[in-house]
Trainee: 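Got a structure here, written out as structure tokens. Questions coming.
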Amino acid sequence: MEVHIAILPSPGMGHLIPLTELARQLLRHLHRRVFITFIIPTATGAPIKPQNDILNAMPENVTSVFLPPVDLNDLPPDSSIEARISLTLTRSLPALRQTLAELTHDSTRKPPSALVVDIFGPPSFEIAKEFHISPYIFSTVSAMMLVSIFHVPLLDQMLAGHSNEPVTFPGCVPVHPTDFPARSHDYDPVERCKMFNLAKGILVNSFVELEPGPFKAMEEGEWCKPDIYPVGPVTRIGPQQQTADQFECLKWLDKHPTGSVLFVSFGSGGTLSQNQLDELALGLEKSGQRFIWAVKSPSEKVNASYFSAKTDLDPFSFLPDGFLKRVGDRGLVLSSWVPQVEILGHSSTGGFLTHCGWNSILESIMNGVPMIAWPLYAEQRMNAVSLTDGLCVAYRVKVGENGLVGRDEIEKCVRSLIEGEDGGKMRTKMAELKEGGAMALSQDGIDETIMMIGMPRHEPEPSSRSLALVHTGTRT
């Protein structure tokens with residue numbers, strides 16, 4: 001049986017990468033019976049080469065269509081990332097309708113039976129309905145974050161009362177109001193929350209052993225209407241490209257003892273100010289620990305690299321004078337793409353200083369590497385709460401009164417993670433989570449989930465039993 005699935009990712013590599021890995025899972029489990037079309041929304045001026053490189057490396061069963069770029073120049077300069085992502089999608093809806101119409105009437109293959117979107121994609125559901133295509137959400141955020149999305153109206157009521165007390169959602173650890181994603185007047189999460197219940201199912205990039213409370217809450221809560229399928233951890237198995245820097249950093253790691261190196265990376269979108277960049281460099285230097293640092297040019301916006309990629313600035317020129325000479329071979333600083341998966345999987349890597357993006361967290365868990373949580377924007381602060389207060393597998397950096405994470409704080413966290421007793425306990429806990437993730441991946445339930453989302457419109461619906469089977473074996 002041939003099936004055709006359309007996938008609509010939001011702008012940003014953090015959305016595209018897990019969806020391409022999901023596509024690989026589909027092909028791996030159903031071989032050549034699955035055809036996948038990626039439909040890519042774009043904005044004027046946003047770089048598309050990184051996305052194109054990833055999509056061009058996909059198997060031949062996967063094709064891609066880039067929608068015409070939409071203009072966001074009417075937005076204020078301080079518009080939130082969430083608003084830019086949301087508007088890129090909504091302004092691309094007419095082009096999406098045209099693309100789905102062409103795919104539906106393509107005589108060379110069956111029309112799409114399912115449209116899979118990420119958490120910003122539900123506005124496309126009405127268009128999917130026009131073409132009798134079943135809508136699904138692939139949650140690229142944690143189960144805890146997903147629970148909070150379903151409770152946005154309740155959260156608004158609580159925050160309207162100016163409460164400064166921690167908020168506890170069903171099945172989740174308490175979260176202080178300052179750790180919720182920033183709200184924006186040009187992005188309405190309440191309306192988006194209502195759309196979530198229009199999905200036929202939600203595939204969550206997580207697993208029950210990692211987040212038992214949130215999964216149980218969604219299973220039992222009447223507020224969650226779609227079926228929930230924990231299909232994670234869907235992570236990159238290995239780099240999709242090879243560069244000279246890849247071989248350089250892996251050879252460098254080979255020279256150092258097991259568990260002795262800290263990997264420092266703020267993801268594809270995160271950036272630090274010049275003052276914060278200085279403090280991080282000097283903190284790493286003071287710690288005396290080995291490190292690999294994927295450095296970017298500084299910016300006052302913490303997400304400056306999300307919608308743009310500055311290639312005309314040399315990040316090394318912004319490092320403190322003499323820093324590279326002083327750390328010598330104890331540190332390796334790279335300014336280009338780094339093979340994060342292979343670095344985290346190397347035996348010399350003993351810790352990960354991360355911005356707490358969900359993809360990076362899952363990659364760290366699947367390699368058993370404890371973390372230093374340094375959230376920057378979006379849902380990253382909530383992820384940091386889960387890592388520190390819930391799972392106890394990370395230190396969270398403390399921001400000083402001047403708004404900076406100081407060099408002394410960085411030194412303390414790095415030393416504690418690599419050398420300290422608590423760091424050892426975190427490593428033990430991470431090993432347990434790694435084993436749980438491996439067990440989740442070993443189950444065959446994803447086959448049934450794939451069959452369900454790829455069921456052609458003329459085929460009968462799967463049985464209720466097969467609908468309940470998921471990546472972890474059974475529905476939570």
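These values consider heavy atoms only, across backbone and side chains, with no hydrogens, waters or symmetry-generated copies.
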Trainee: Pair Arg91, Asp74 - check salt bridge (charged side-chain N to carboxylate O under 4.0 Å, His left out), show working.
Mentor: CA-CA 13 Å; Arg91 292 179 180 182; Asp74 58 318; 2.9 Å; yes
Trainee: Working note: Ser265 + Thr354, criterion side chain to side chain contact (heavy atoms under 4.5 Å, CB included); need CA distance, chi angles, decisive distance, verdict.
Mentor: CA-CA 6 Å; Ser265 174; Thr354 173; over 6 Å; no
Trainee: I'd like to know if the side chain of Ser273 pairs up with that of Glu300 as donor and acceptor (distance under 3.5 Å, no hydrogens or angles considered).
Mentor: no
Trainee: For a quick check under 3.5 Å, do Thr235 and Glu21 share a side-chain donor-acceptor pair by atom type?
Mentor: no
Trainee: Do Glu363 and Asn367 have a side chain donor and acceptor closer than 3.5 Å?
Mentor: no
Trainee: Is it the case that more than 12 heavy atoms not belonging to Glu435 sit under 6.0 Å from its CD atom?
Mentor: no
Trainee: Write down the atom of Pro370, the atom of Gly423, and the distance for their closest heavy-atom approach.
Mentor: CG-O, 4.5 Å
Trainee: Do the side chains of Leu319 and Leu324 get nearer than 4.5 Å, heavy atoms only?
Mentor: yes
Trainee: Any idea which heavy atoms bring Pro77 and Lys301 closest together, and the distance?
Mentor: O-NZ, 3.7 Å
Trainee: Could Lys398 and Asp408 be called an ion pair, given the rule that one side-chain N must be under 4.0 Å from one carboxylate O?
Mentor: no
Trainee: Taking all heavy atoms of Leu115 and all of Ser124, pick out the closest pair and write down the distance.
Mentor: CD2-OG, 3.6 Å
Trainee: Is it the case that more than 12 heavy atoms not belonging to Asp321 sit under 6.0 Å from its CG atom?
Mentor: no
Trainee: State, yes or no, whether a side-chain contact exists between Thr258 and Ser348 at a heavy-atom distance under 4.5 Å.
Mentor: no
Trainee: Is there a side-chain contact between Arg290 and Asp329, using heavy atoms and a 4.5 Å cut-off?
Mentor: no
Trainee: Return the minimal non-hydrogen interatomic distance between Leu433 and Val393, and the atom names on each side.
Mentor: CD1-CG1, 4.0 Å
Trainee: What's the separation between atom CG in Leu87 and atom CG in Asp71, rounded to the nearest 0.5 Å?
Mentor: 11.0 Å
Trainee: Check Leu93 against Pro123 and note the closest heavy-atom contact, atom names and distance.
Mentor: CD1-O, 3.9 Å
Trainee: Rounded to the nearest 0.5 Å, what separates atom OH in Tyr377 from atom CZ in Phe266?
Mentor: 11.5 Å
Trainee: With a 4.5 Å heavy-atom cut-off, do Phe66 and Leu55 have their side chains touching?
Mentor: yes
Trainee: Asp389 and Arg396: side chain to side chain contact (heavy atoms under 4.5 Å, CB included), yes or no, with the steps?
Mentor: CA-CA 10 Å; Asp389 299 351; Arg396 182 170 180 178; over 6 Å; no
Trainee: Calculate, to the nearest 0.5 Å, the distance between atoms CE and NZ belonging to Met439 and Lys434 respectively.
Mentor: 15.0 Å
Trainee: When rounded to the nearest 0.5 angstrom, what is the spacing between CZ in Arg427 and CD in Glu432?
Mentor: 14.0 Å
Trainee: Exactly one of Asn52, Leu8, Leu16, Val65 should register a side-chain contact (heavy atoms from CB on, under 4.5 Å) with Ile40. Which one does?
Mentor: Leu16
Trainee: Do Phe180 and Val167 touch side chain to side chain, with heavy atoms closer than 4.5 Å?
Mentor: yes
Trainee: Answer whether the closest heavy-atom distance between the side chains of Leu376 and Trp374 falls below 4.5 Å.
Mentor: yes
Trainee: Quick check: Phe263 with His346 (ring centres under 6.0 Å apart)?
Mentor: no
Trainee: Just checking, any donor-acceptor pair under 3.5 angstrom between side chains of Asp118 and Thr140?
Mentor: no
Trainee: Starting at OG of Ser206, measure out to CG of Leu362 and round the result to the nearest 0.5 Å.
Mentor: 6.5 Å
Trainee: Under the salt bridge (charged side-chain N to carboxylate O under 4.0 Å, His left out) rule, what do Arg407 and Glu411 come out as? Steps first, then yes or no, please.
Mentor: CA-CA 6 Å; Arg407 65 193 71 174; Glu411 176 193 10; over 6 Å; no
Trainee: Testing Ser364, Ser268, Ser360 for side-chain hydrogen bond (donor to acceptor under 3.5 Å, both in side chains) with Gln340, which one passes?
Mentor: Ser360
Trainee: Any chance you could measure Thr388, atom OG1, to Met426, atom CE, to the nearest 0.5 Å?
Mentor: 8.5 Å
Trainee: Checking Asp53 against Lys49 for the salt bridge (charged side-chain N to carboxylate O under 4.0 Å, His left out) test, could you report, in this order, the C-alpha distance in whole Å, the side-chain angles of both residues, the deciding distance, and whether it holds?
Mentor: CA-CA 6 Å; Asp53 289 344; Lys49 185 180 184 303; 2.8 Å; yes
Trainee: State, with a plain yes or no, whether a side-chain heavy atom of Leu272 is found less than 4.5 Å away from one of Leu280.
Mentor: yes
Trainee: Quick one: does Pro298's side chain get under 4.5 Å of Thr271's, heavy atoms only?
Mentor: no
